[in-house]
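For reference, the structure discussed in these notes is given below.
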2 protein chains.
Amino acid sequence: MTGALDPDMFAGCADVDPPFRVGDKWTAKVLVCLRDGPRRFSELGVPLRPITPKVLTGTLRAMERDGFVRRTDHGGMPPRVEYALTDLGRTLLTPLAAACAWSREHLGELLAARDAASA
Amino acid sequence: MTGALDPDMFAGCADVDPPFRVGDKWTAKVLVCLRDGPRRFSELGVPLRPITPKVLTGTLRAMERDGFVRRTDHGGMPPRVEYALTDLGRTLLTPLAAACAWSREHLGELLAARDAASA
DNA sequence: CAGGATCCGTATTGATACTG
DNA sequence: CAGTATCAATACGGATCCTG
C-alpha cells in the first residue's frame with residue numbers, strides 16, 4: 001500500500017508554473033462550498049468569511065484557469081454570477097476527503113505533539 | 001461517497017496556529033523521502049535539491065514540532081543526525097497517496113485546461 | 001557534517017475604498 | 001451584486017557566509 005507512493009511522483013508536479021493552488025488558504029474550502037451545486041459570488045462569501053472580495057475573486061480566477069470551476073454570468077441588473085464545479089473539479093473531492101479523514105482521525109495527536117513540544 | 005465530506009470539516013482545522021505545513025513547498029517531499037526508513041540530514045538534501053540547509057532545517061523543525069518526525073543526534077565527530085517518520089507521520093502517507101493518485105490521473109486535464117485558458 | 005546567522009526578494013493575504 | 005484599485009503587512013523561500 002505504501003507501494004502506491006512513487007518516489008519521483010513530485011518530479012513534474014511541484015514545479016508547475018503557475019503553481020497549483022489547492023494548497024493555498026482558500027481553494028479547498030471553495031471546493032467544499034461548491035460540492036452541492038452552483039453558488040453565487042456572495043453566497044460563497046458567507047461560509048468563507050472573513051475572506052475579502054479581492055481574495056475570493058483571485059481564488060476563483062485561479063480555479064477557473066485550472067478548469068476546476070465554471071463561471072456563469074447571467075447578466076442583468078442586479079448582477080448575478082454563478083460558480084459551479086466542473087467534472088475535473090469534482091474529482092478533487094476524493095483526495096480532499098482523504099485529507100479530511102486524516103484530520104478527523106489524527107488532529108488530536110498533532111495538537112498533543114505540539115503541546116508537548118512547547119513544554 | 002461525497003457524503004464523507006463534512007461542510008464544517010475545516011472549521012477548527014485551517015485556522016490552527018502555527019499552521020499545518022503539509023501544504024508547503026517541502027514537507028510532503030520530506031515525507032516521501034523518509035518513507036523507507038531513517039535518513040541523515042545530508043541524505044535528504046540530495047533528492048530534495050536544490051533545497052538549502054536553512055530551509056531543510058526549518059521544514060524538519062516544523063515537522064518535529066508537529067510530531068511527524070523524530071530527530072536523533074548520534075553525537076560524535078563528524079556529526080551524525082538522523083530523521084525518521086513517527087507513527088503519526090506515517091499516517092500522513094495515506095492522504096498523500098490519494099493526492100498523488102489524483103495527479104497521475106488528472107494532471108493532463110489540468111494542463112489542458114490551462115492551455116485553453118491562456119488562448 | 002549539520003547546522004546557525006544574516007540579509008533579501010517575492011508571493012500571498014488582507015484592509016479599505018470605490019464602481020458599473 | 002459582483003467585483004476592481006490601491007496600499008500595506010507578513011510569511012515563505014532563498015543566497016551567502018560562518019561555526020562547533
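Throughout, a chain's letter reflects where its sequence line sits, starting with A, and its residues are numbered from 1.
The side chain of T57(B) sits closest to dG3(C) out of dG3(C), dT13(C), dG20(C). The P53(B) side chain lies nearest to dG3(C) when the options are dG3(D), dG3(C), dG13(D). The nucleotide whose nearest atom lies closest to any side-chain atom of R21(A) is, among dC1(C), dT13(C), dG3(C), dT13(C). The side chain of R61(A) approaches dG3(D) more closely than any other nucleotide in the set dC1(C), dG13(D), dG3(D). Among the nucleotides dG3(D), dA2(C), dT13(C), the one closest to any side-chain atom of W26(A) is dT13(C).
Between L93(B) and L85(B), the closest side-chain pair of non-hydrogen atoms falls below 4.5 Å.
Note on S42(B): every side-chain N or O is 4.0 Å or more away from OP1 and OP2 of dC1(C). Contact check, R40(B) against dC1(C): no side-chain N or O comes under 4.0 Å of OP1 or OP2. In this model, the phosphate group of dA2(C) is not approached by any side-chain N or O of R71(B) to a distance below 4.0 Å at OP1 or OP2. OP1 and OP2 of dA2(C) both lie 4.0 Å or more from every side-chain N or O belonging to R39(B). Contact between the side-chain N/O atoms of K54(A) and the OP1/OP2 oxygens of dA2(D) is not found at any separation under 4.0 Å.
For the atom pair W26(B) CH2 and I51(B) CD1, the distance stands at 5.0 Å (nearest 0.5 Å). Going from atom OG1 of T59(A) over to atom NZ of K54(A) covers 10.5 Å, rounded to the nearest 0.5 Å.
With W102(A) as the fixed residue, the side-chain contact (heavy atoms from CB on, under 4.5 Å) test singles out one of L96(B), T94(B), V22(B), T91(B): T91(B).
Residue contacts for D24(A): at a heavy-atom cut-off of 4.0 Å it reaches the sugar-phosphate backbone alone, with no base atom in range.
Rounding to whole angstrom units, CG of residue D73(A) and P of dA2(D) are separated by 9 Å. Per the geometry, CG belonging to L56(A) stands 16 Å off P belonging to dT12(C), to the nearest Å. Here dT10(D) presents its C1' atom at 11 Å from NZ of K25(A), a figure rounded to the nearest Å. In this structure, CG of L44(A) is placed 14 Å from P of dC1(D), rounded to the nearest angstrom. For the pair E64(B) CD and dA2(C) P, the interatomic distance rounds to 15 Å; values are reported in whole Å. Residue H74(A) contributes atom NE2, which lies 16 Å from atom C1' of dG3(D) at whole-angstrom precision. One atom, CD1 of I51(B), and another, P of dA2(C), lie 14 Å apart when rounded to the nearest Å.
Taking the six-membered ring for Trp and thresholds of 30 and 60 degrees, F41(A) and Y83(A) have ring planes inclined between 30 and 60 degrees apart.
Where T59(A) and M77(A) each meet DNA chain C at their nearest nucleotide, the meeting point lying more 5' is that of T59(A).
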